[in-house]
There are 2 protein chains.
Amino acid sequence: MADPKRTRNTQQRQRILRVIQAAGCHLTAREIHRRVGQNGRAIGLATVYRALEAFARAGLVESASLGGRAIRYGLAAEHHDHVVCLECGKWQPLGRCPAPRAPRGAAPGFRVTGHRLEFFGYCEECR
Amino acid sequence: MADPKRTRNTQQRQRILRVIQAAGCHLTAREIHRRVGQNGRAIGLATVYRALEAFARAGLVESASLGGRAIRYGLAAEHHDHVVCLECGKWQPLGRCPAPRAPRGAAPGFRVTGHRLEFFGYCEECR
DNA sequence: CAGGTAAGTGAGAATCTTTCTCACTTCGCG
DNA sequence: CGCGAAGTGAGAAAGATTCTCACTTACCTG
């Protein structure tokens, strides 16, 4: 990994992280921004993006784009695996991870730190 | 699945599909638009998006967002599995799929038609 | 504890991607 | 051929994300 990239512990970042932890699901940057603004003084949207980038680098948070226009962010430790409906865009996490293990041989020299597995198809209503 | 969604066979769509087939990797809408414009008269960017949406519904093309801002589109039959570098954003496909199989029990009523598996970490240069 | 400094912040502009609108064109069925 | 629905083009609009720059603040050092 490049430099462990020390990150400062500011109030804004604490508040942003708290919102993400409290959410229980993936949020867009805008949603995070709004929620942070609800409990206290509003912070800049750019700050949210910078914090998310920092968290992602630190491995705390992961990003995922689930059908919508916007990228969603959530705790990295949570569900990496989910199903997505191609029709209505709804998605839901999978409890157990069906298998993924680091690829071997296929990507020499690559250090794997995580994964994401998506199944797509059509949900009960959209079939 | 919702209506099979009949789609018309226009020149523009043929050209767009040909570009995607020739690419051998996932492209952004803008890249597709540029490449189509290179061999012949330019087409509207909106047309590219509409065609991609139609192709995705038809199951011909799949979308993936790999670190960058923009969504990338490629042939659905190609590599669903790849590694992505969190540092430089580069990504490469995996030859063999390390396992994914339809989730069972976890998503009742969901009809799975495909999957995508991403490993992320740091490539040789960025470690 | 004070000082220095590099990292972080805020506000808004800028950039970029994607979608929408509407008048016009074209495909494909009959 | 003629019709109607689907597709197209151009540009505007809507959003999402990044950038800029002056200002602030966390944290290391002495």
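Just so it is clear, the structure is predicted and the values come from calculations on it, not from any experiment. Residue numbering restarts at 1 for every chain, and letters A, B, ... go by the order of the sequence lines.
Rounded to whole Å, atom C1' of D:dA26 lies 5 Å from atom CZ of A:Arg8. Nucleotide D:dT18 holds its P atom 14 Å from the CZ atom of A:Arg30, rounded to whole Å. Regarding A:Gln11, its CD atom lies at a distance of 11 Å from the P atom of D:dC27, rounded to whole Å. For the pair B:Ile43 CD1 and C:dC24 P, the interatomic distance rounds to 21 Å; values are reported in whole Å. Rounded to an integer number of Å, the gap from B:Arg41 CZ to D:dG7 C1' is 14 Å. In this structure, CZ of A:Arg15 is placed 12 Å from C1' of C:dT9, rounded to the nearest angstrom. Atom CD1 in B:Ile71 sits roughly 12 Å away from atom C1' in C:dT19 (whole-Å rounding). Rounded to whole angstrom, the span from the CD1 atom of A:Ile32 across to the P atom of D:dT17 amounts to 10 Å.
The side chain of B:Arg13 contributes an N or O atom lying less than 4.0 Å from OP1 or OP2 of D:dT8. Taking 4.0 angstrom as the limit, B:Gln12 places a side-chain polar atom (N or O) nearer than this to OP1 or OP2 of D:dG9. Residue B:Thr10 has a polar side-chain atom (N or O) positioned under 4.0 Å from OP1 or OP2 of D:dT8.
Contact check for A:Tyr73 versus A:Thr28: no side-chain heavy atoms found under the 4.5 Å cut-off.
Near DNA chain D, defined here as any heavy-atom distance below 4.0 Å, the residues from residues 45-55 of chain B are B:Ala46, B:Thr47, B:Arg50, listed numerically.
Taking a 6.0 Å sphere around CD of A:Gln14, one finds it holds more than 12 heavy atoms contributed by other residues, nucleotides or ligands.
Looking at every heavy atom in both residues, B:Ala54 comes nearest to B:Arg13 through CB-NH1, 3.6 Å.
A:Thr10 is linked by a side chain to side chain donor-acceptor pair (under 3.5 Å) to nothing, counting only residues two or more places apart in sequence or in another chain.
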